[in-house]
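First the structure, in the form of structure tokens, and then the observations on it.
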Amino acid sequence: MKKISLFIMLCILGIFLVACGNTSEEGTDEKEKQEKTTEGDTTEESNTDGWVENITVLTGSEAGVYFPLGVAMAEIISEHVDGVTATGISSGASVVNANELSDGQAEFALVQNDIAFYAHEGSQMFEEVVDGFSGAFTIYPETIQIVTLADSSIETVKDLVGKRVAVGDVGSGTEANANQILAAHDITYDDINEEWMDFGDASTNLQDGNIDAAFVTAGTPTGSIQELAASADIKIVSINEDKIDQIIDEYPYYTKVELDENTYENFDATATTIAPQSMLIVSDELPEDQVYEIVKAIFDNIGAMENAHERGKDLTIDTAQEGMSIDLHPGAQRFFDEQ
Ligand code: GLU
């Protein structure tokens with residue numbers, strides 16, 4: 001009898017040990033799984049619930065500055081934020097980008113700070129409030145460059161009257177800026193022959209004599225103007241000081257900027273103009289932890305931004321809130337609060 005009960009006890013012990021073994025194996029699997037989801041260099045200790053795996057970063061024309069910087073940000077995200085793949089894609093720029101983020105068609109976008117503000121206010125080109133996105137950081141001044149060929153008769157904004165003028169892409173911040181600058185000089189589209197086109201097409205058409213001038217709101221040097229300046233002498237039309245004061249008074253997101261003669265090849269003058277600021281916006285649908293990790297990854301790998309375009313050098317933690325025109329996303333807020 002004793003032998004039988006000892007046998008039964010041993011059996012029970014055996015079953016118990018096997019069960020324990022299984023449990024601890026399951027435990028290990030679970031641990032491995034957790035380690036896998038947090039193994040990127042930026043996602044340790046993050047709660048990845050609700051993270052969006054495929055991220056779209058909206059930029060602008062390929063010949064602008066948003067595009068190389070947005071593609072660089074997407075590469076940083078894909079490489080350094082575990083389990084997330086990001087793609088930078090070209091677009092009509094600021095106004096389109098704000099609308100698309102609001103519609104849930106993308107997660108991040110580069111836009112001008114003035115346009116982000118108008119979107120949240122439902123003013124200027126936005127007939128109603130366009131929101132659902134917040135700020136991450138501002139980057140660099142986007143210089144409004146009114147470009148023409150050096151031998152053109154256009155010397156002032158007023159000289160644009162009666163001319164064929166590229167005012168930016170449909171839905172661009174450039175067009176919004178063109179409108180405000182023209183309006184400050186009492187010029188409307190009735191007074192010019194306006195053409196909508198991206199930066200690359202504007203340069204080609206200027207070179208070919210199909211248009212007389214082009215508005216370009218972008219960081220300098222802008223790729224499309226560099227290309228034009230490589231084969232033609234160019235001129236950038238200055239805005240008069242009194243008009244600059246008047247415009248900044250009305251639209252406080254502009255700041256005054258000077259372009260020097262080293263900005264482009266075959267540009268041997270200086271120009272006085274104005275600039276809004278570029279910024280990264282992010283969909284409010286993205287969880288705080290994910291945005292925190294993405295912003296952190298971008299600042300941890302800032303060299304890739306600097307390599308993508310000279311203006312990438314303007315991105316610094318200290319200046320990242322200058323000109324911020326809308327509330328920060330909680331994930332970005334947490335990152336900057338920790339600095
Ligand atoms: N700021 C420009 C716009 O929204 C785009 C600039 C760029 O593509 O670099 O129209």
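Each ligand, and each atom within it, is numbered from 1 in the order the structure gives. Just so you know, these numbers use all the heavy atoms, side chains as well, and skip hydrogens, waters and symmetry mates.
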Q.
Quick check: do Thr217 and Ser172 have side-chain heavy atoms less than 4.5 Å from each other?
A.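 Thr217 vs Ser172: side chains apart.
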Q | Backbone N/O of Leu110 and side chain of Asn97: donor-acceptor pair under 3.5 Å | A |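 Confirmed, Asn97 side chain pairs with Leu110 backbone.
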What atoms of ligand 1 come closer than 4.0 angstrom to any heavy atom of [X]?
{"X": "Glu142", "answer": "1 (N), 2 (C), 6 (C)"}
{"X": "Val65", "answer": "7 (C), 8 (O), 9 (O)"}
{"X": "Ala93", "answer": "3 (C), 4 (O), 5 (C), 10 (O)"}
{"X": "Gly173", "answer": "3 (C), 4 (O), 10 (O)"}

Q: For ligand 1, find out whether one of its N or O atoms is nearer than 3.5 Å to an N or O atom of Gly60.
A: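 No, since none of the N or O atoms of Gly60 sits under 3.5 Å from an N or O of ligand 1.
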Q) Looking only at distance, does Thr174 have an N or O less than 3.5 Å from an N or O of ligand 1? A)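 By distance alone, the answer is yes.
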Please list the nearest protein heavy atom to [atom] with its residue and the distance rounded to 0.1 Å.
{"atom": "atom 4 (O) of ligand 1", "result": "Ser94 OG, 2.6 Å"}
{"atom": "atom 5 (C) of ligand 1", "result": "Tyr66 CE1, 3.5 Å"}
{"atom": "atom 2 (C) of ligand 1", "result": "Thr217 O, 3.1 Å"}

**Q.** Phe137 and Phe336 aromatic ring geometry - parallel, tilted or perpendicular at 30°/60° bounds
**A.**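 Rings of Phe336 and Phe137: perpendicular, as their planes differ by over 60°.
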Q | Region of Glu175 engaging ligand 1 - heavy atom pairs below 4.0 Å | A |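 Glu175 to ligand 1: no contact under 4.0 Å from either part.
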Q. At under 4.0 Å between heavy atoms, which part of Phe199 makes contact with ligand 1: side chain, backbone, both or neither?
A.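 Just the side chain.
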(Q) Starting from Ile146, can I reach Ile274 by hopping between I/L/V/M/F/W/Y residues whose side chains sit under 4.5 Å apart? (A)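 Ile274 clusters together with Ile146.
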Just checking [X]: does its [atom1] atom have more than 12 heavy atoms from other residues, nucleotides or ligands closer to it than 6.0 angstrom?
{"X": "Glu227", "atom1": "CD", "answer": "no"}
{"X": "Glu258", "atom1": "CD", "answer": "yes"}
{"X": "Glu53", "atom1": "CD", "answer": "no"}
{"X": "Glu127", "atom1": "CD", "answer": "no"}

